[in-house]
There are 2 protein chains.
Amino acid sequence: MTIRTRATRLDVARLAGVSSAVVSYVVNNGPKPVAATTRHRVLEAIRALDYYPDEAARRLRGVGGSTIGYLVPDIRNPFFADMTAAFNRALRLRGYHLLLADLGDDDAQERSYLELFRTKRVDGVIAWQTASVNDLVDFLTSSAIPFVLVAARHPGASSIMIDEEAAANLAVGHLKALGHRRIAYVGPRDVTHHPQSRRPFVERALRQAGLPVNGEWFVDMAALDDAPTAARRLATAPGRPTAAIVHNDAFAIRIVSNLIELGSAVPGDLSIVGYDDLEASRYTRVPLTSIGYSKSDIGRLAIDLLLRRGEGATTREELTLPVALVVRASSARAG
Amino acid sequence: MTIRTRATRLDVARLAGVSSAVVSYVVNNGPKPVAATTRHRVLEAIRALDYYPDEAARRLRGVGGSTIGYLVPDIRNPFFADMTAAFNRALRLRGYHLLLADLGDDDAQERSYLELFRTKRVDGVIAWQTASVNDLVDFLTSSAIPFVLVAARHPGASSIMIDEEAAANLAVGHLKALGHRRIAYVGPRDVTHHPQSRRPFVERALRQAGLPVNGEWFVDMAALDDAPTAARRLATAPGRPTAAIVHNDAFAIRIVSNLIELGSAVPGDLSIVGYDDLEASRYTRVPLTSIGYSKSDIGRLAIDLLLRRGEGATTREELTLPVALVVRASSARAG
DNA sequence: CTGAAAGCGCTAACAG
DNA sequence: CTGTTAGCGCTTTCAG
């Protein structure tokens, strides 16, 4: 446990009695072969001096690094936390690491994070849908940084997202099978400002199922703090919907909590279906029925997509992931 | 949105009709002054070429970087997610960024992450209590990387943690005031393997309060998955404790959920007090009474501690943060 | 106030 | 198989 001053590749070369190039060949397994005995001596010297290469110098020489910029709306949101872990795991397996860019729900930071990615010369970027996808796509494209968009589509980007159509059909189908006819939606209403809105999919699914589509049953909720208002709207909606599909579980947890405070029973008065099948959704007041999908698959596939782009693949790819319904206590027979 | 090849500081110099040194002076505001008109020309050129400095080259020259390694046991745990956000915010304000090292509950990864920090030449490390603190402290010390330990103490490290003694007294005092006399503890029992165990503090607090200390009321729980067993033990403990102090809210949420499934009422049969005052603890089946403290203060203070060390301060510092009790539905009058 | 030039640690020709 | 060497882009003396 002594503090020594860092050894450089030259120190190793001297100790091993070889040139600095050979050390390089050994460390990188190439590009030239090294005699077994020499290699051994070098390895010894490395151990003896506790030598490790300097990434900065390497990068300067043009060798690709190993870090991926990760732009996430809010890591405190359990959904993003889960997904971050999945991405991290997938990346690690391939020798990469995450530089964390947590917006903390403050979209204004986005630009400065992108600039950070650029100066740091990250090898790629994974980005969630944020306020200004267009700026993001432009910036990364013009900076020639490979990237993939998660849970969003954009004509200029590779992306990955769940099968929204199937998800909406699943949710609607489940509720219909339970005898519900008046089904509400709680989530971002305005599709232009919230491209991630699930409203269009839910609407279409309702139509296809032959169920009524009522504008007053589309309750706007764009942030967690909207929950009290949204819950009130939902509970007092004209025509009394008996079920609601909520944009995600994080929202749903808050909605349920607020409904109960307002005296509405879940699922007694209102059945609820969320999205994302959060770990946390099992331990809430009323465990949530939810649209689930494999988070680790998203992680794995997104990374592959990204690294493929990093290797110079120019084709844009759009991946769609299958979903499944996880039934728990928040949805029950109508009536 | 065109893909141009990166401009170097020399391109800027040429376009501005100055030497590369001057560009450097402008970009870094020093170390030499630059005439206003020259500076203006340089700035123009930078804009025109969309120039940005290369961090790798800079680091190679010995200029400090701006990234901090962050070793966290499991980012999916809402507590760590909250704290990560707090650290990130505090760091950003000071121009630093987090390189995420999420163990994902797999301690075996620790060493390789530490090595990563070293090759990447991070400017500091923030580390939570993990399996092998000693190795961690040795490694970072001998690599001359400044670091601070969070929620742990070690003779060779600067550290920050909450006032465990006050916390235990608060929890015990609250329950005692509600008329509870038989108080259990759920958490890691074995202090050697789990240095973060709160058991000793709870034990001492019970003694000081003149309440009984019963070995059978100390229920072992070291991971989330232990919850079912721990809940059963707690519900069937001899002498029927009427309240329990649980190691943290994440555990407490699971314990409450399991107790209810077992037919025990919370707080009817058992009052529960947790630690950490998670956001999530407000929306669980029974909102939790919990020991709270300022997560942003921890973030801020830890960073200051770290940067002070980075500046060559050699004094080890141990910070202790105040706590407060947040009373919610999970604790009620005994009886 | 501005410029020339050395060199950070490393890789990869190129030449033995 | 091994060695020599030219830079990667930047900061910073040292001279003007």
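Order of the sequence lines fixes the chain letters, A, B, ..., with proteins taken first and strands second; residue numbering starts at 1 for each chain. Treat the numbers as computed from the prediction; the structure is a model and nothing was measured.
B/Tyr52 carries B/Arg6 over the face of its six-membered ring, with the cationic atom under 6.0 Å from the centre and within 45° of the normal. The cationic group of A/Arg92 lies under 6.0 Å from the six-membered ring centre of B/Tyr113 and within 45° of the ring axis, placing it in a cation-pi geometry.
The listed nucleotides are C/dC8, C/dC14, C/dT11; the one nearest the side chain of A/Arg9 is C/dT11. Candidate nucleotides D/dC10, D/dG9, C/dT2 were compared by shortest atom distance to the side chain of B/Pro53, and D/dC10 ranks first. Candidate nucleotides D/dC1, C/dT2, C/dG3 were compared by shortest atom distance to the side chain of B/Val18, and C/dG3 ranks first. Distances from the side chain of A/Ser20 to the nucleotides C/dC10, C/dT11, D/dT11 place C/dT11 closest. If you check D/dT11, D/dA15, C/dC8 against the side chain of B/Leu60, the one that comes closest is C/dC8. Listed candidates were C/dT11, D/dT12, C/dC10. Nearest to the side chain of A/Thr8 is C/dC10. Here C/dT11 is the nucleotide among C/dG9, C/dT11, C/dT2 with the atom lying nearest to any side-chain atom of A/Asn28.
Atom NE2 in B/His40 sits roughly 19 Å away from atom C1' in C/dT2 (whole-Å rounding). Spacing between atom CG of A/Leu49 and atom P of C/dG9 amounts to 14 Å, rounded to whole angstrom units. Following rounding to the nearest Å, B/Arg41 (CZ) and C/dC1 (P) show an atom-to-atom distance of 14 Å. For A/Arg58 and C/dC8, the CZ to P distance is 19 Å, given to the nearest whole Å. A straight line from CD of A/Glu55 to P of D/dG9 spans 17 Å, rounded to a whole angstrom.
In this structure, B/Lys32 and B/Ala56 both approach DNA chain D, and ranking their closest nucleotides by distance from the 5' end singles out B/Ala56. Comparing A/Asp54 and B/Thr38 by the nucleotide of DNA chain C whose heavy atom lies nearest to each, the residue mapping closer to the 5' end is B/Thr38.
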Evaluation steps, side-chain contact (heavy atoms from CB on, under 4.5 Å), between B/Phe147 and B/Ile126 | CA-CA 6 Å; B/Phe147 69 102; B/Ile126 297 173; over 6 Å; no
Derivation of the salt bridge (Lys or Arg N to Asp or Glu O under 4.0 Å) call for B/Arg94 and B/Asp304 = CA-CA 9 Å; B/Arg94 291 162 180 74; B/Asp304 287 346; 3.0 Å; yes
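Note that the CG atom of B/Asp102 and the OG1 atom of A/Thr84 stand 8.5 Å from one another [nearest 0.5 Å].
For A/Tyr25 and D/dG3, a side-chain-to-base donor-acceptor distance below 3.5 Å is present, hydrogens and geometry of angles not being considered. Counting atom types as modelled, B/Arg61 pairs no side-chain N or O with a base atom of D/dG9 as donor and acceptor under 3.5 Å.
In terms of phosphate contacts, B/Ser19 brings no side-chain nitrogen or oxygen within less than 4.0 Å of OP1 or OP2 of C/dT2. Between A/Tyr52 and C/dG9 there is no side-chain N or O to OP1 or OP2 distance below 4.0 Å.
Backbone-only engagement by B/Val34 is indicated by non-hydrogen atom pairs under 4.0 Å involving sugar-phosphate atoms exclusively. A/Ala21 comes within contact range of at least one nucleobase, with a heavy-atom separation under 4.0 Å. Within 4.0 Å (heavy atoms only), B/Val63 reaches sugar-phosphate atoms of the nucleic acid but no base atom.
The salt bridge (Lys or Arg N to Asp or Glu O under 4.0 Å) test with A/Glu55 singles out one residue from B/Arg121, B/Arg118, B/Arg59, B/Lys120, and that residue is B/Lys120.
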